[in-house]
Amino acid sequence: MAMALTSPASLGCSRDVSFGAAMRGPVVPRELFKCRLGFSLRISSASPVVKACVSAATTAAPTYDTPRTTSGEKSNAERKTCRLALPSKGRMAEGTLNLLKDCSLPVRKLNPRQYIADIPGLKDLEVWFQREADVVRKLRSGDVDMGIVGYDVVAEFGEDDPDLLLVHDELEFGECHLGVAVPTYGIFESINTLDELAAMPQWTKERPLRIVTGFTYLGSKFLQEKGLQHVELSTADGALEAGPAMGTADAILDLVSSGTTLRENNLKELEGGRVISSQGVFVASKKALLSRPGVLEAAHELLERFEAHLRARSQFTVVANMRGESAQEVADKLFQFTSNHGLQGPTISPVYVDGGGKSVVKYYAIVICVAKPDIFKAVRELRRAGGSGVLVSPLTYIFDEEPLRWRKLLEKLDMM
Ligand SMILES: Nc1ncnc2c1ncn2[C@@H]1O[C@H](COP(=O)(O)OP(=O)(O)OP(=O)(O)O)[C@@H](O)[C@H]1O
Ligand SMILES: O=P(O)(O)OC[C@H]1O[C@H](OP(=O)(O)OP(=O)(O)O)[C@H](O)[C@@H]1O
Ligand SMILES: [Mg+2]
């Protein structure tokens, strides 16, 4: 899937696949415009690309001569502390802070407008709040070492940079996907798949399919891979769903979670038009993990806690008293009548009751973990196997052996 898009030659696609290099005002000289794919685009007002984008009042893909990473090599070489960057606002900010709090690592921020903070549980770690795209840019430039953001942002602004390593790829918040959508009406009424969209006779060199998106890197790569011929991408900062009805775009490529915004704007997603699925991820710079003291240790600590918490979150711990003559008999009944046997197997211990001055064992207490959706089935099964007094409580952490993701990370770092 990784495809380097650095020169026209590497594109291997029609020159019609172009970006809306619309004006950002007179600040950027026209000659300096560079399309995202890495080659210079001469802007002429006669060009249909420019005309379309100007009339669409969209903004240019943010790719002039400015690199997509910031500088900082010098100050980074001198930096002694590790840095974790977190989203400063929006959906992902809340999810990230909640996750850290649930992992007993609350972020301490003196006031909401301050962009530096710390985590009392993690020494020698600076926490920096940044807009999500900047988290990724600063990872790439070496200004921060680790970050938590949506995978969509890593994929878009990371541009397949091999220095970015996903330490945890499923933090279980901010779930959404990036997909192509078209109107439900007009010429699109009977169009339901990306292939059908691509095959529409309407799209020509002179009148390409106009797609508005905030994801020009992922979008161009995806559409080229899918072989779409005459496409023009433009970009805007938000409310993209308005584009088709306003007449400024034919289709959109945007994030979807509940699907409400699409529905409310008379748009439908196309089968085969899903670019990526996304959720919160923990990402780190390979260079930093390998060379900056303390980063690997901090990544390990965070990963351990995320894994242990997320595993526990999906489970209940269940304690029940089971009637039986021996622990062995209870274990046999559990295996026979129930599908829940705990992590490795049930823990079974005798329950002593007063038998008139002599303690006797008539019950055995069992402890098992049960996946949350299976809890009521598990209780029914336990009763069938002779269980009573079933106690169900939430779990905080499940620490297993070394997390699988840690081993995978060490492999990626050539440390195994
Ligand atoms: N329905 C959704 N729409 C957009 N993003 C979502 C959605 N669900 C989860 N996300 C995640 O949230 C991130 C964006 O969140 P949000 O739009 O709140 O950020 P923001 O910083 O306010 O951005 P903006 O510049 O758009 O205001 C996405 O990159 C994605 O990872
Ligand atoms: O499938 P849904 O649950 O409806 O969510 C999807 C919408 O949410 C986001 O927009 P956001 O709320 O960030 O507004 P914006 O478009 O102005 O950025 C995204 O860009 C979609 O428009
Ligand atoms: Mg938004």
Side-chain angles (χ1 to χ4, degrees), residues 68-70 72-73 75-88 92-93 95-109 115-159 161-174 278-310 403 405-415:
R68 292 186 93 183
T69 58
T70 53
E73 298 243 320
S75 55
N76 276 320
E78 290 150 17
R79 175 156 66 83
K80 293 279 178 287
T81 48
C82 304
R83 287 179 176 171
L84 171 71
L86 305 179
S88 53
M92 299 305 286
T96 304
L97 293 179
N98 286 341
L99 173 68
L100 287 164
K101 193 162 84 202
D102 291 344
C103 292
S104 310
L105 294 171
V107 176
R108 188 170 56 179
K109 199 176 176 185
Y115 293 119
I116 183 164
D118 67 357
I119 298 178
L122 289 180
K123 276 205 286 126
D124 305 322
L125 182 80
E126 288 173 3
V127 174
W128 287 92
F129 289 96
Q130 290 286 293
R131 294 297 289 266
E132 279 195 89
D134 290 330
V135 170
V136 178
R137 291 189 185 107
K138 288 186 162 76
L139 275 164
R140 295 180 71 185
S141 62
D143 293 302
V144 302
D145 308 311
M146 298 168 286
I148 296 175
V149 283
Y151 174 69
D152 56 320
V153 182
V154 177
E156 174 66 18
F157 294 92
E159 297 180 327
D161 187 336
D163 186 54
L164 295 181
L165 297 185
L166 289 184
V167 185
H168 198 304
D169 55 348
E170 288 182 307
L171 294 178
E172 297 181 14
F173 66 92
S278 179
Q279 59 181 290
V281 296
F282 174 32
V283 57
S285 149
K286 185 175 182 176
K287 239 181 283 159
L289 287 166
L290 286 172
S291 60
R292 187 176 297 289
V295 176
L296 193 61
E297 291 76 4
H300 182 249
E301 182 66 29
L302 286 164
L303 178 61
E304 275 268 27
R305 301 221 194 184
F306 293 157
E307 289 261 12
H309 164 67
L310 293 172
R405 286 187 174 90
W406 176 247
R407 266 191 279 140
K408 284 194 176 152
L409 179 67
L410 293 182
E411 276 169 24
K412 286 187 219 162
L413 296 172
D414 291 325
M415 292 176 79

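Only a predicted model underlies this, so the values are computations on that prediction, with no experimental measurement involved.
For D169, the salt bridge (charged side-chain N to carboxylate O under 4.0 Å, His left out) criterion is met by R405, not counting sequence neighbours.
Using modelled atom types, no side-chain atom of E126 and backbone atom of I116 make a donor-acceptor pair closer than 3.5 Å. The closest donor-acceptor contact from the side chain of K138 to the backbone of G147 lies at 3.5 Å or more, if one exists at all. Checked by atom type and distance alone, the side chain of T81 never pairs as donor or acceptor with a backbone atom of D124 at under 3.5 Å. A side-chain donor-acceptor contact under 3.5 Å links R292 to the backbone of N76. Counting only distance, with no hydrogens or angles, the side chain of Q130 and the backbone of V135 share no donor-acceptor pair below 3.5 Å.
Between A288 and V295, the shortest heavy-atom distance links the atoms O-CB, 3.6 Å. Taking each heavy atom of C103 and H309 in turn, the nearest pair found is SG-CB, 3.6 Å. Summarising the geometry of F173 relative to M92, their closest heavy-atom pair is CE1-CE, 3.4 Å, with the distance given to 0.1 Å. In plain terms, the two heavy atoms of L289 and A284 that are nearest each other are CD1-CB, 3.8 Å. The two atoms that bring S278 and G150 nearest to each other are OG-C, 4.0 Å, heavy atoms only. Nearest heavy atom pair, residue G294 against residue C82, reads C-SG, 3.5 Å.
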Check: What's the verdict on side-chain contact (heavy atoms from CB on, under 4.5 Å) for L84 and I119, showing C-alpha distance, side-chain angles and the deciding distance?
Finding: CA-CA 10 Å; L84 171 71; I119 298 178; 4.2 Å; yes
Notebook entry, point to check: Given R83 and D145, is the salt bridge (charged side-chain N to carboxylate O under 4.0 Å, His left out) satisfied, shown in steps?
Noted result: CA-CA 5 Å; R83 287 179 176 171; D145 308 311; over 6 Å; no
Next item on the list: Mind running side-chain contact (heavy atoms from CB on, under 4.5 Å) on F129 and K109 for me, showing each step along the way?
Entry: CA-CA 10 Å; F129 289 96; K109 199 176 176 185; 3.6 Å; yes
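Among the candidates V283, L139, L86, the single residue satisfying the side-chain contact (heavy atoms from CB on, under 4.5 Å) test with V149 is V283.
To the nearest 0.5 angstrom, D161 atom CG is 13.5 Å from R137 atom CZ. Remark: L290 CG to L413 CG distance equals 4.5 Å, nearest 0.5 Å. Atom CG in L303 sits 11.5 Å away from atom NZ in K408 (nearest 0.5 Å). Separation of atoms CG (D134) and CZ (R140) is listed at 12.5 Å; rounding is to 0.5 Å. Note: E170 CD to L310 CG = 9.0 Å, rounded to the nearest 0.5 Å. To the nearest 0.5 Å, atoms CG (L171) and CG (N98) are separated by 12.5 Å.
Between E301 and R305 there is a salt bridge, with a side-chain nitrogen of the basic residue lying less than 4.0 Å from a carboxylate oxygen of the acidic one. Between K286 and D163 there is no salt bridge, since no side-chain N of the basic residue sits under 4.0 Å from a carboxylate O of the acidic one.
Between M415 and L296 the shortest side-chain heavy-atom distance falls below 4.5 Å.
Enclosure of atom CZ in F282 by more than 12 non-hydrogen atoms of other residues, nucleotides or ligands within 6.0 angstrom is indicated.
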